[in-house]
Amino acid sequence: MAIVVYLETEDGNFKKSALEVSSYGRKLADETKTNLYGIAFNSSDPDKIRKYGIDKLVNIKTDHVFDARIFADLLSKNFKELGGTIFITGSSADSRFIFPVVSILLDASYATNVVDFPSGISPLVLKRSAFTNKGFVFTELKTKYKIIGILNNSYGIFESERKLEVKEYMAESQDSNLQVESIKEDEEKISIADAEIVVSGGRGLKGPENWDLVEDLAKTLGAATACSKPVSDMGWRPHSEHVGQTGKPVASNLYIAIGVSGAIQHLAGINASKCKVVINNDPEAPFFKAADYGVIGDAFEVVPKLIDGLKKFKSR
Amino acid sequence: MKILVCISSVPDTTSKINFIENETQFDKSGVQYIINPNDEFGLTRAMWLKEKQNCEVHVISVGIVDTDPILRKALAIGADQAFRVDINPMDANQVAREISDFIKNKDYKLIIAGRESIDYNGGMVPGMIATLINANYVSNCVSLEVNQSNFKATRETDGGKENISGTLPLVIGGQKGLVEEKDLIIPNMRGIMMSRKKPLTIIEAKYQTFQTDTVKYEKLPPKGAIKLVNPEKINDLIDLLHNEAKVI
Ligand SMILES: Cc1cc2nc3c(=O)[nH]c(=O)nc-3n(C[C@H](O)[C@H](O)[C@H](O)COP(=O)(O)OP(=O)(O)OC[C@H]3O[C@@H](n4cnc5c(N)ncnc54)[C@H](O)[C@@H]3O)c2cc1C
């Protein structure tokens, strides 16, 4: 028996979520008195993970196009090779692409959107966010192999240095009938999924020409930018920024909503954020019931002042 | 070409979420059920393929008789036939297995599911079906073109997009972008009348064992009161975010 974590990399570096996944795995391995193994694709600096509790890392080298089936196959094989019983992954778009496939290949039960350390280990019971953050469900995984998909920022990162052993694994080439071309957004842009801070604009900002307010604030904070659904429906902002029940989920540490009314569908999607700030000129806006901090005022006056203040704060 | 659209019946987005029986059951009372929004974008894309490329569109749902109204709605929107696997599904794996079994030996070239359902947000069903029927698979699918044997699709990733092309059969997890909000079809009277004559076939469920169990539910913790900051003293907000919330 062993716990295995999937450590996601981007351009060869471990993502922040990989550190969280391994911290979670470490605790579970300690509680069950087993080893913690990691699997990564194309890590250029495997030693970086030593601090986060991994006993052994299998670093899979592959230049395959991103075909979910091939990556899932490689993960499943190595998981079995390592004697894994519990597989832990994050919640990025890529891992949510691959792991449903892994779950079939391993005949493993799979819980997504896990927000906490297991509430029971044998049987394994997991607290998951459900109804798009309007509630929680506790799910028991009953099969021999089990997959836990944890939400970003739900557990935290804890250091625990180990004697890391690294095994390089050259992936055999496999047939794929897919051509994949990946188009990255502007390199400097922070993705909503990975962001610790998200700044979001709603219809209250009146038009796309006013979005420099959102962008300047985001830049000052090192935040990702997001928007409400009507804003993306009207083409003021790209769909990729639409957050909420029918858009992207947000689970950041800080969510700042500017000119967003706080409709139930919007709140559902962003509720998992730890701290919510609303800036709105209508004191009756429902967002004021959901936020931790609020400013009743005109965004066009408040936000520039906030940006100024933050710049001074940052240069302190 | 035949297309299968997988439809999940979910609580309306404005529903209050409550639990009963000692927090072990979801309280359905007063809850309106709708076609899962992600599935509806997919269904609409399928209707366009029907119109422009002469495809036949079938819809399927795994669920008990309560699910019939949303299947009728899908028929009113324009699907040709509906199927319902008659069981109250317990987990994604069961849904995927029932649908995959249904698909076997039928010539669906394209299977459209939603990226995730807005009730349990699992996001697993399309990937599981693709694996079980050995088809190609694109999740978070925001654009899709198909011809007789090939597809071109776009997957939204965390930091951008991916253009994927390959051969059919294909399973997608669809979302907004496949069509826009304004493209969604509101059934008209004729559609509703016709839907009553279209076949809705009930299929016996095969899988009665589950990989997971729902132990209990929990409501969100009550929220503390909001702290309002005077817009003339915006530095107070920075102070609170730094010293109290510790998020900047
Ligand atoms: C099935 C379904 C799914 C949905 N999914 C989503 C979803 O995923 N995400 C989502 O966001 N919505 C979703 N919606 C839409 C949702 O119901 C709301 O319509 C939407 O969130 C409102 O967007 P908004 O807050 O930007 O606009 P509005 O509701 O118009 O609010 C604008 C706000 O800006 C404020 N304002 C105006 N001027 C200023 C100013 N100068 N300074 C400060 N504040 C100002 C106003 O007081 C108002 O509160 C969904 C709806 C349905 C039916």
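Protein chains get the first letters and strands the later ones, always in sequence-line order, with residue 1 at the start of each. The basis for the numbers below is simple: all heavy atoms, side chains too, and nothing from hydrogens, waters or symmetry mates.
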Which atoms of A:A224 approach chain B - backbone, side chain, both or neither, heavy atom under 4.5 Å | neither
Among A:S240, A:A263, A:A268, which residue forms the greatest number of heavy-atom pairs with chain B at distances under 4.5 Å?
-> A:S240
Best-contacting candidate, A:L105, A:L178, A:V102, against chain B by heavy atom pairs under 4.5 angstrom = A:L178
Does a side-chain heavy-atom distance below 4.5 Å link B:N134 with A:R69?
-> yes
Give, as side chain, backbone, both or neither, the part of B:D236 having an atom under 4.5 angstrom from any heavy atom of chain A.
-> neither
Given a strict heavy-atom distance threshold of 4.5 Å, which part of A:K15 is in contact with chain B: side chain, backbone, both, or neither?
-> side chain
Tell me, for B:I129 versus chain A, whether the close heavy atoms (under 4.5 Å) come from the side chain, the backbone, both or neither.
-> neither
B:D213 side chain to A:E140 main-chain N or O, any donor-acceptor pair under 3.5 Å?
-> no
Using non-hydrogen atoms only, which part of A:R96 is less than 4.5 Å away from chain B: side chain, backbone, both, or neither?
-> both
The interface call for A:L306 against chain B, heavy-atom contacts under 4.5 Å, is both
When every non-hydrogen atom of A:I296 is compared with those of B:P231, the smallest separation belongs to O-CG, 3.3 Å
Pairs of heavy atoms under 4.5 Å with chain A: top-ranked of B:M124, B:H242, B:E218 = B:E218
Tell me, side chain or backbone of A:V125 under 4.5 Å from chain B's heavy atoms, or both, or neither?
-> side chain
So which bits of residues 18-33 of chain B come within less than 4.5 Å of chain A, counting non-hydrogen atoms only?
-> B:F19, B:F26
Could you name the residues of residues 110-118 of chain B that have a heavy atom within less than 4.5 Å of a heavy atom in chain A?
-> B:R115, B:E116, B:I118
For the residue pair B:G123 and A:P100, what are the closest heavy atoms and their distance?
-> O-CG, 3.9 Å
Does any heavy atom of chain A fall under 4.5 Å from the side chain of B:V142, the backbone, both, or neither of them?
-> neither
Whatever's closer than 4.5 Å to a heavy atom in chain B on A:N113 counts as side chain
Considering only heavy atoms from C-beta outward, does the side chain of B:I234 approach that of A:V302 to under 4.5 Å?
-> yes
Proximal component of A:K134, with respect to chain B [non-hydrogen, under 4.5 Å] = both
Under 4.5 Å to a heavy atom of chain A? For B:L228 that would be both
Part of B:K223 lying under 4.5 Å from any heavy atom of chain A = side chain
The interface call for A:A68 against chain B, heavy-atom contacts under 4.5 Å, is side chain
Heavy-atom pairs under 4.5 Å with chain A, option from B:V125, B:D91, B:L132, B:N140 with the top count = B:L132
Which atoms of A:V278 approach chain B - backbone, side chain, both or neither, heavy atom under 4.5 Å | side chain
Sort out for me which of A:N253, A:D292, A:T143 touches chain B most, counting heavy-atom pairs under 4.5 Å.
-> A:D292
Is it the side chain or the backbone of B:L220 that comes within 4.5 Å of chain A heavy atoms, both, or neither?
-> both
Sub-3.5 Å donor-acceptor pair from the side chain of A:K184 to the main-chain atoms of B:G159, do we have one?
-> no
Relative to chain B, which segment of A:F131 carries a heavy atom at a distance below 4.5 Å: side chain, backbone, both, or neither?
-> both
With only heavy atoms counted, which part of A:N133 is less than 4.5 Å from chain B, the side chain, the backbone, both or neither?
-> backbone
Pair B:Q211, A:D107: side-chain N/O donor-acceptor within cut-off below 3.5 Å | yes
Could you give me the CA-CA distance, side-chain angles and deciding distance for A:H239 and B:E156, then say whether side-chain hydrogen bond (donor to acceptor under 3.5 Å, both in side chains) is met?
-> CA-CA 10 Å; A:H239 284 323; B:E156 189 173 84; over 6 Å; no
Identify which part of B:D158 has an atom lying under 4.5 Å from any heavy atom of chain A, answering side chain, backbone, both or neither.
-> both
Pick from A:C275, A:A290, A:A291: which one has the most heavy-atom pairs with chain B under 4.5 Å?
-> A:A291
Is it the side chain or the backbone of A:K276 that comes within 4.5 Å of chain B heavy atoms, both, or neither?
-> neither
Selection from A:S182, A:S129, A:G297, A:G149 maximising heavy-atom pairs under 4.5 Å formed with chain B | A:S182
In terms of heavy-atom pairs under 4.5 Å with chain A, the winner among B:T212, B:V215, B:I226 is B:I226
Residue from A:T132, A:I98, A:D94 scoring the most non-hydrogen pairs under 4.5 Å with chain B is A:T132
Looking just at side-chain N and O atoms, do B:T13 and A:Q265 make a donor-acceptor pair shorter than 3.5 Å?
-> yes
Let me know if A:V65 has heavy atoms under 4.5 Å from chain B in its side chain, its backbone, both or neither.
-> neither
How about A:S232 and B:K176: does a side-chain donor come under 3.5 Å of a side-chain acceptor?
-> yes
Pick from B:N235, B:N136, B:T167, B:I248: which one has the most heavy-atom pairs with chain A under 4.5 Å?
-> B:N136
Is it the backbone or the side chain of A:I197 that comes under 4.5 Å from a heavy atom of chain B, or both, or neither?
-> side chain
Is any side-chain N of the basic residue among A:R128 and B:D119 closer than 4.0 Å to the acidic one's carboxylate O?
-> no
Considering only heavy atoms, which portion of B:A135 lies under 4.5 Å from any heavy atom of chain A: side chain, backbone, both, or neither?
-> backbone
Quick one: is the NZ or CZ of B:K227 closer than 6.0 Å to the six-membered ring centre of A:Y293, and within 45° of its axis?
-> no
Just give me the residue among B:S15, B:A92, B:A225, B:G224 that pairs up with chain A most often, heavy atom to heavy atom, under 4.5 Å.
-> B:S15
